[in-house]
Every structure is written in structure tokens, then in C-alpha cells.
Amino acid sequence: SRWYQRRVRAHEQDFCSVNPKFVAVIAEQIGGGAFMVLKTDRIGGIDAGSCKISKHNGAVYDIRWSPYNDNLIASACDDGLVRLWNITDERGVEPNHSPVQTIQGHQKRVGGLAWHPSADNILASSSYDNTIRLWNAETAQEVSSLSAFTNQITDMCFFADGSQMAATCKDKKLRVFDTHTGEVAIEGPGHENMKVSRVCTLKDGKIFSAGFSDMSSRCVRLYDPRNMSSKLMELDVDSATGSLFPYYDPDLNLIYLAGKGDANIRFFELSGDNIHYLNQYMSADAQRGVGMMPKRGLDTSINEIARVYKLNVAKKLVSVVPLKVSRQSKTFAEDLYPDTADYNAALTAEDFIGGKNALPKTVKFLDLLGASATSKGFSAAAASGEGAAVEQTNGVDNSAELAALRKEIENLKVAVSDKEAALTAKDSTISELKEENSSLKGQLKATEEEIAELQKNGIDGSAVSE
């Protein structure tokens, strides 16, 4: 799939966000920032103006689709605001598309965004005011603030249950915060170079980081948050100068590592305290950024374990790169698709605000496919400013559709129950027939033995009479 992608002001983010419905790419616009949204099944050149969202008062630095609502995307802007946009399945990007919510609180530009992994509508934003703030996206209210930084924040990542967050900074420190209180749980030395470093938290609680060593070579590291005084392992990558972007697959315990300006994407496997290089995807076109498709958007019929949307600035297009495992068998590969994160959140925003933590719900992979087919609404409960006036314009009222689906589910449950009752009755009848058949066999055997005994006695009697 390819489409137009304009050049953007330099900032160390992915520039691209993807879900099974839409691809979003940050674009440049005179007089303000913008990003473009296109359906993932759209192929070929497009009119950039027809899919551009441009109601920003400065450059757009980051965009992130909600993990629990494929129609909701957040944007971070140079004007210090975070905006939430609802993209409907039917209308897509509309003329003069306005946000459904506007979040304000940062004193300087907002450079990064991250959604909570298990709580719905909890959003984190990092700013050049050297703070990370957590928000209830529905009400635009601040939940907590992480403010121990002394320089520009370069990356952040929630731990799996959302109770803590790891963050890297240009002050060369790696910190772990309590997301409820905002206090530093532990900190230690990070990458020695002030260039951008990125961070991923792993399912076993460890921290993976990608950055630059004191000799300016690119490297990846593994940390144990219980002891941040030293790293568990370091692996040199190369001596290139572009920032590294790691993407973690918790299901297969793999890291995909893409570099800004690189033409390749490397694959690593994590095992215990070790990082093992596996292979790499090679191409001739340098990438400015990449987006990773969530697991529920993959094609299991071709054993696709990841799909990369690669931004090619020179050719002004987005290249779709499916990463597949070659196998002769065409059956579903259970080892490649273990239970994965559900499309339904484990917690509500209120649960998290009340102090609860939870790992993401998991579901069988085949049960997850197609989970985002129905649009989810977004209610900006206490929207203010530019978002308040347009809540109804861009919201999705799907109550009738949901009611019909619930009714259909109830009907199906009744039908299944009837079938199960009929099968139970048939099983009982079969069991009775088996018992009757066994009894008849026993009677037949006894009769045959009696006949044999009579015949034997008859032969013996005739012999005596002679």
C-alpha cells in the first residue's frame, strides 16, 4: 500500500500509527501541524487534502491510536495541547474535522504519547516542560504527574499492569515511576550519550533500552528494575547515527529494531537475561519512521507474525512489509499465535484512578480476529474549549446496533442451549440402546451355550442305548 507522505519537522518519534482499520502519518503544513488518516485497505496515490486533519496550532509530534478503540486517535502538538479525534468508519476524515476532546495542562510542547496497556481511556503525555502527565481522556482531567526529570524526556513506556512507567531522558538517567503517585520508584544510569534513547518494558518485568554508548555507537541493553545500578546485558548494533526504535512483541518475546535513516529492520529474541540477534529485513529504501500493526490485524493464513508500515520519505509513500514465517503446512500455527491481548480493557479509567492495576485481558488468537469490526463511541464527559462544541458531530451513536447485536447473541445462546439439550437426550437414548444391546448379547450367548449342552447330551444318550 502506498500513499503521499510529506516531510515533517525533526522530532524523534515514530511519525506513524496503525490499527486494523486505519493508517495515520504525521504531515507538514504551513501555519500549523497536521496528520493524515487513510483506511488500511486503500492502495495507490491519494489526494492528501482529502484525508488530512489540520486543526493544530503548531507542529504535530506524535500520534497514537487507542488500543481499545480503533476509531479514536490522540495527537501531541507544539502548542502544548493533546487532542483526541474520532474517525468514523463511514465518513473517515471530514472537512473541518474537529477534535472530540482537548487536553491542556502542559506548559510547553508535547512530544510523546502512550496509552495505558490495560485501562481504557488513560493516556500519558510527555512534554518539554520536563513532565509526564497521566490523563483521563474522557474528562480531560489530570490523574497524576511525573516530574523528577532535569532535561528533555525522550521516551516512556508503561509496565504490563500499568502500575509503573519507565522513562528515558537526556540527563542520561533511566527512571521507573509509580503511575498513581508520580513518585520515582527507582532510578539508575541510562545510556551515556545524550542522543535519544528509547525504552520498552517486558512481560517478565525487565526493561529493554535502545540508544548510544559513550563511544557513540548504537547499542541495546537489558535492565532489572530491582537493581538499576548496572545493566544485565549490552549488545552493540552498529556505528550509524540514526535513533533506534524498538517494538516489543510480548507473545513471542521478540524485539523488532528499526533505525531512523536505516533501510533494514532487525529481529531479536529475548531469553532470560540475554538478547539474541535472529535476522533482519533488508531493503534499498531508507525509513524515516515505522508503524506496527497490532496482532489482531495480522493474516494468519500466511503465518504473518508482524506487519510493518515503513515511511519512505524519498519516494513519498508508505510501504507495507509483512514479516512471515515460512511453513509448508496451511493449518493454523498455534505456536506462532498464542493467547494475546484482548480488544476489551481489563480496567475502566475510574478503576485505575481508584488505585487498581491489572494485566491486560488475554484471549485466544482466533477469537480476537475481527474484534474491531464494530465502531466504539467516545464520550467526552467534561470536554471544554474546541472539543465541546463538536462532541455530537464526530461521536458514534451505536446503541441501536449494539442492542441488535446483544439480541442476536441471546438468540444464538438459546439455539445453542436447545441443541445441547437435544444432544443430551440423544446421548441418553444411545446409552439405553447400548445397554439393551449388551443384555441381548448376554442372553444370546447363554442360549447358544444351552443349545450346545443339549446337543452334547443327546449324542451321548444314543451311544448308550446301542
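Here the structure is a predicted model, which means the values were calculated and not measured. Along the sequence shown, residues are numbered consecutively beginning with 1.
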State, yes or no, whether a side-chain contact exists between Phe149 and Ile132 at a heavy-atom distance under 4.5 Å.
yes
Where the side chain of His97 meets the backbone of Asn86, is there a donor-acceptor pair that is under 3.5 Å apart? yes
In short, Phe159 meets Gly205 closest at the heavy-atom pair CE2-O, 3.4 Å
Of all heavy-atom pairs linking His106 and Gly80, the shortest is CB-O, 3.8 Å
All heavy atoms of Ile63 vs all of Ser17, minimum pair found to be O-CB, 3.5 Å
* Within 45 degrees of the axis of the six-membered ring of Tyr61 and under 6.0 Å from its centre: does Arg109 put its NZ or CZ there? -> no
The side chain to side chain contact (heavy atoms under 4.5 Å, CB included) partners of Met215 (sequence neighbours excluded) come to Ser213
Check whether Arg83 reaches the backbone of Ser98 with its side chain - one donor and one acceptor, N or O, closer than 3.5 Å.
no
Q. Less than 4.5 Å apart, any side-chain heavy atom of Cys219 and any of His191?
A. yes
Ala166 and Thr201 have their tightest heavy-atom pair at CB-CG2, 3.9 Å
Across all chains, not counting sequence neighbours, the ring pair (Phe, Tyr, Trp, His ring centres under 6.0 Å) partners of Tyr281 are none
- prompt: Looking just at side-chain N and O atoms, do Lys21 and Asn71 make a donor-acceptor pair shorter than 3.5 Å?
  reply: yes
By salt bridge (charged side-chain N to carboxylate O under 4.0 Å, His left out), Lys173 pairs with (sequence neighbours left out) Glu187
The side chain to side chain donor-acceptor pair (under 3.5 Å) partners of Ser197 (sequence neighbours excluded) come to none
Contacts of Tyr247 meeting ring pair (Phe, Tyr, Trp, His ring centres under 6.0 Å) (sequence neighbours excluded), chain-then-number -> none
Sorted by chain and number, sequence neighbours left out, ring pair (Phe, Tyr, Trp, His ring centres under 6.0 Å) with His116 holds for Phe158, Phe352
* Can you find a pair of side-chain heavy atoms, one from Arg198 and one from Ser243, that are under 4.5 Å apart? -> no
On a heavy-atom basis, the closest approach of Gln101 and Thr139 is NE2-C, 3.8 Å
With Asp262 as partner, the option from Gln287, Arg218, Gln280 fulfilling side chain to side chain donor-acceptor pair (under 3.5 Å) is Arg218
Practice task
Begin from the C-alpha positions of Lys310 and Ser283 and carry the test side chain to side chain donor-acceptor pair (under 3.5 Å) through to its verdict.
Solution key: CA-CA 11 Å; Lys310 179 176 172 180; Ser283 73; 2.5 Å; yes
For Asp236, the salt bridge (charged side-chain N to carboxylate O under 4.0 Å, His left out) test, sequence neighbours excluded, returns none
For Lys203, does the NZ atom sit with more than 12 other heavy atoms under 6.0 Å from it, leaving out its own atoms?
yes
Only pairs under 3.5 Å count here: list side-chain donor-acceptor contacts from residues 268-278, not counting sequence neighbours, and write none if there are none.
none

| query | Do side-chain atoms of Ser329 reach the backbone of Thr331 as a donor and acceptor pair under 3.5 angstrom? | reply | yes
Legend entry - Flag for Asp251-Thr340: side-chain donor and acceptor within less than 3.5 Å: yes
Thr40 side-chain N/O to Pro20 backbone N/O, donor-acceptor pair under 3.5 Å:
yes
Taken in chain and number order and not counting sequence neighbours, the residues that satisfy side chain to side chain contact (heavy atoms under 4.5 Å, CB included) with Lys195 are Asn193, Phe212, Thr241
Test your reading of the model: is there a side-chain donor-acceptor pair from Ser118 to the backbone of Ala358, 3.5 Å cut-off? yes
dist Ser209:OG -> Glu234:CD (nearest 0.5 Å) comes out at 8.5 Å
Subject >> Lys324, NZ: over 12 other non-hydrogen atoms inside 6.0 angstrom >> reply: no
Nearest heavy-atom approach of Cys169 to Asn151 is SG-O, 3.3 Å
Main-chain N/O of Val199 paired with Thr168 side-chain donor or acceptor, under 3.5 Å: no
Looking only at atom types and distance, does a side-chain atom of Asp120 sit under 3.5 Å from a main-chain N or O of Ala345, one as donor and one as acceptor?
no
Asp224 meets the salt bridge (charged side-chain N to carboxylate O under 4.0 Å, His left out) criterion, sequence neighbours left out, with Arg226
Report task. Find out whether Ile53 and Trp85 are in side-chain contact, i.e. whether some heavy atom of one side chain is under 4.5 Å from a heavy atom of the other. Result -> yes
Arg64 meets the salt bridge (charged side-chain N to carboxylate O under 4.0 Å, His left out) criterion, sequence neighbours left out, with Asp14, Asp62
The side chain to side chain contact (heavy atoms under 4.5 Å, CB included) partners of Asp299 (sequence neighbours excluded) come to Ser301, Ile302, Glu304, Arg307
